[in-house]
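Remarks on the structure that follows.
Counting begins at 1 with the first residue of the sequence. Ligands are counted one by one from 1 in listed order, and the atoms in each one are counted from 1 as well.
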Amino acid sequence: MDFDTVIHGGTVATPSETWTGDIGIRDGRIAALGDRLDGGARRIDATGRIVVPGGIEGHAHIAQESSTGLMTADDYHTGSVSAAFGGNTSFIPFAAQHRGESIDAVLRTYDDRAAPNSVIDYSYHLIISDPTPAVLQDELPRAFARGITSFKVFMTYDLMNLGDRGMLDILTVARQHGALTMVHAENNDMIKWMNARLADAGLTAPRYHAVSRPALAEAEAINRAISLARLVGAGLFVVHVSTPEGADLVARARAEGLPIHAETCPQYLALTRDDLDRPGMEGAKYICSPPLRDAATQAVLWQHVRSGTFESVSSDHAPYRFDASGKFAKGPEPAYPAISNGMPGIAARLPYLFAEGVGAGRITLQQFVALSSANAARVFGMDRKGALLPGYDADIVLWDPEETRTVTAADQHDAMDYTPFEGMRLTGWPTHVLSRGEVIVEAGELRAERGRGRFVARQPYRPDPDAPLIPEMDPAQNFGAEIRP
Ligand code: URP
Ligand code: ZN
Ligand code: ZN
């Protein structure tokens, strides 16, 4: 058997084991694994390297307008290049529906943005802000049939919030058609109430962003979102969990066997609300929602990373530059509610998780693989990605576990003018990134042609049929009523 490429002598890590040997690649797929594979038009010496499936970034905002119409700094070229330098071979940015838009039109727009530009494989999660009957009955099922089998909804922001009834309706559609609902869970009215109090007191500096969005607002909304999903018997993915209370709610639901999934992000593990209190307007760089918390929170979130409450650590890359095109689109010194929400991090996600997770002894190498790619592939239905097995796409990253580098904005290869991780010393960096067998990053250089990335049609999401039902939905306990969607 001959190969296009053989990756030779690396320490190969999967979610369940680590072994030393070779990976043979042919026609973009993994063709063989073995102690020693001969041949190969190209042989990559992986001695001393760790070999893992390419990262799958499950949460990124790329070429996306916010609800107020502000475009992210990264498009599908810069965003995907930055992702690739950070050890990712696939990503699933959002395709955002704003009020009045049809899903078909939204997807045409994002196809035009992604297909000519992405250097890595991609799919989209939809964002749904206007679940009209046409959207629920026709357009969403059409998107699911195309393999876009997840979407995000918001419990906050006036222009995005669906309300509980809207959430129930869309969870029902997701359950019926095999899709996964992702949720941004923060209580909208609590935040608006806090904003009004802070404004009355004249407290408008960036640091008050953290005060305005209490941990309680996240916990309340996560509890409600899980309850709504539970009523319907639908799966739910809670994005960017930032609080111990929220993580505990997810852990409890998972322990009960409910199909509840969740992620946290490096910023909630690495940064704190003190970063919002930097001099002048510097704190604006650290405004994201939910907000950064404190050191005690970080320790608890790491425990939930280790225990499996979080199935992924995602970047929530939301790149708005530190200028009038981004953070200060509404003026040079705006009150915190007018500062664009979000921070970049797609290139730093995996080096951070490798160094501060595996390197610092908080997680194992196997957990790193699960958190960086394997779980995202399973939960989001990428059935040819996230594993180093024959037949899978040869999306493979070699890591040098010894290399130490300092994070700088220039090394992110994105369109941003800052990184919130600036100055962090991290040990463990990707040296070779292969996407479908092609080396796309090597020796610090991009080798990928713009537009080589392919759309990935994803499998449906089906919650475990044995997941417990609430009694009122169970015909054995509700006088035989068949009211389950
Ligand atoms: O502040 C953030 N995270 N902005 C991005 C949008 C979102 O809610 O994920
Ligand atoms: Zn969000
Ligand atoms: Zn986000």
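Atoms of ligand 1 lying under 4.0 Å from any heavy atom of Phe154, numbered from 1 in the order shown and given with element: 8 (O). Below 4.0 Å from some heavy atom of His59 lie the following atoms of ligand 1, by number and element: 9 (O).
Between Tyr157 and ligand 1, a contact under 3.5 Å exists for no N or O pair.
The single protein non-hydrogen atom nearest to atom 1 (O) of ligand 1 is Ser289 N, 2.7 Å, given as residue, atom name and distance. Scanning the protein heavy atoms around atom 5 (C) of ligand 1, the nearest turns out to be His61 NE2, 3.5 Å. Ranking the protein heavy atoms by distance from atom 8 (O) of ligand 1 puts His184 ND1, 2.9 Å first. Scanning all protein heavy atoms for the shortest distance to atom 3 (N) of ligand 1 gives Asp316 OD2, 2.7 Å. Shortest contact from atom 7 (C) of ligand 1 to any protein heavy atom: Lys152 NZ, 3.3 Å. Protein heavy atom at the shortest distance from atom 4 (N) of ligand 1 is Asn341 O, 3.4 Å.
Minimum-distance N/O/S atom of His184 relative to the Zn ion (ligand 2): ND1. Looking at His240 and the Zn ion (ligand 2) together, the shortest N, O or S contact belongs to NE2. Its N, O or S atom nearest to the Zn ion (ligand 3) is what matters here, and for Asp316 that atom is OD1.
Ring pair Phe237/Phe380 is tilted by interplanar angle, where 30° to 60° counts as tilted. In this structure, Phe94 and His61 have parallel ring planes: the angle between them is below the 30° cut-off, well short of the 60° mark. Ring pair Phe144/His177 is tilted by interplanar angle, where 30° to 60° counts as tilted. In this pair, Phe310 and His304 present their aromatic rings perpendicular. The plane angle is above 60°, beyond the 30 to 60° band.
For residue Lys152, an N/O/S atom approaches the Zn ion (ligand 2) to within less than 2.8 Å.
Looking at Glu245 and Arg293, no side-chain N of the basic residue comes within less than 4.0 Å of a carboxylate O on the acidic one, giving no salt bridge. Electrostatic pairing of Arg146 and Asp111 counts as a salt bridge here, judged by a charged N lying under 4.0 Å from a carboxylate O.
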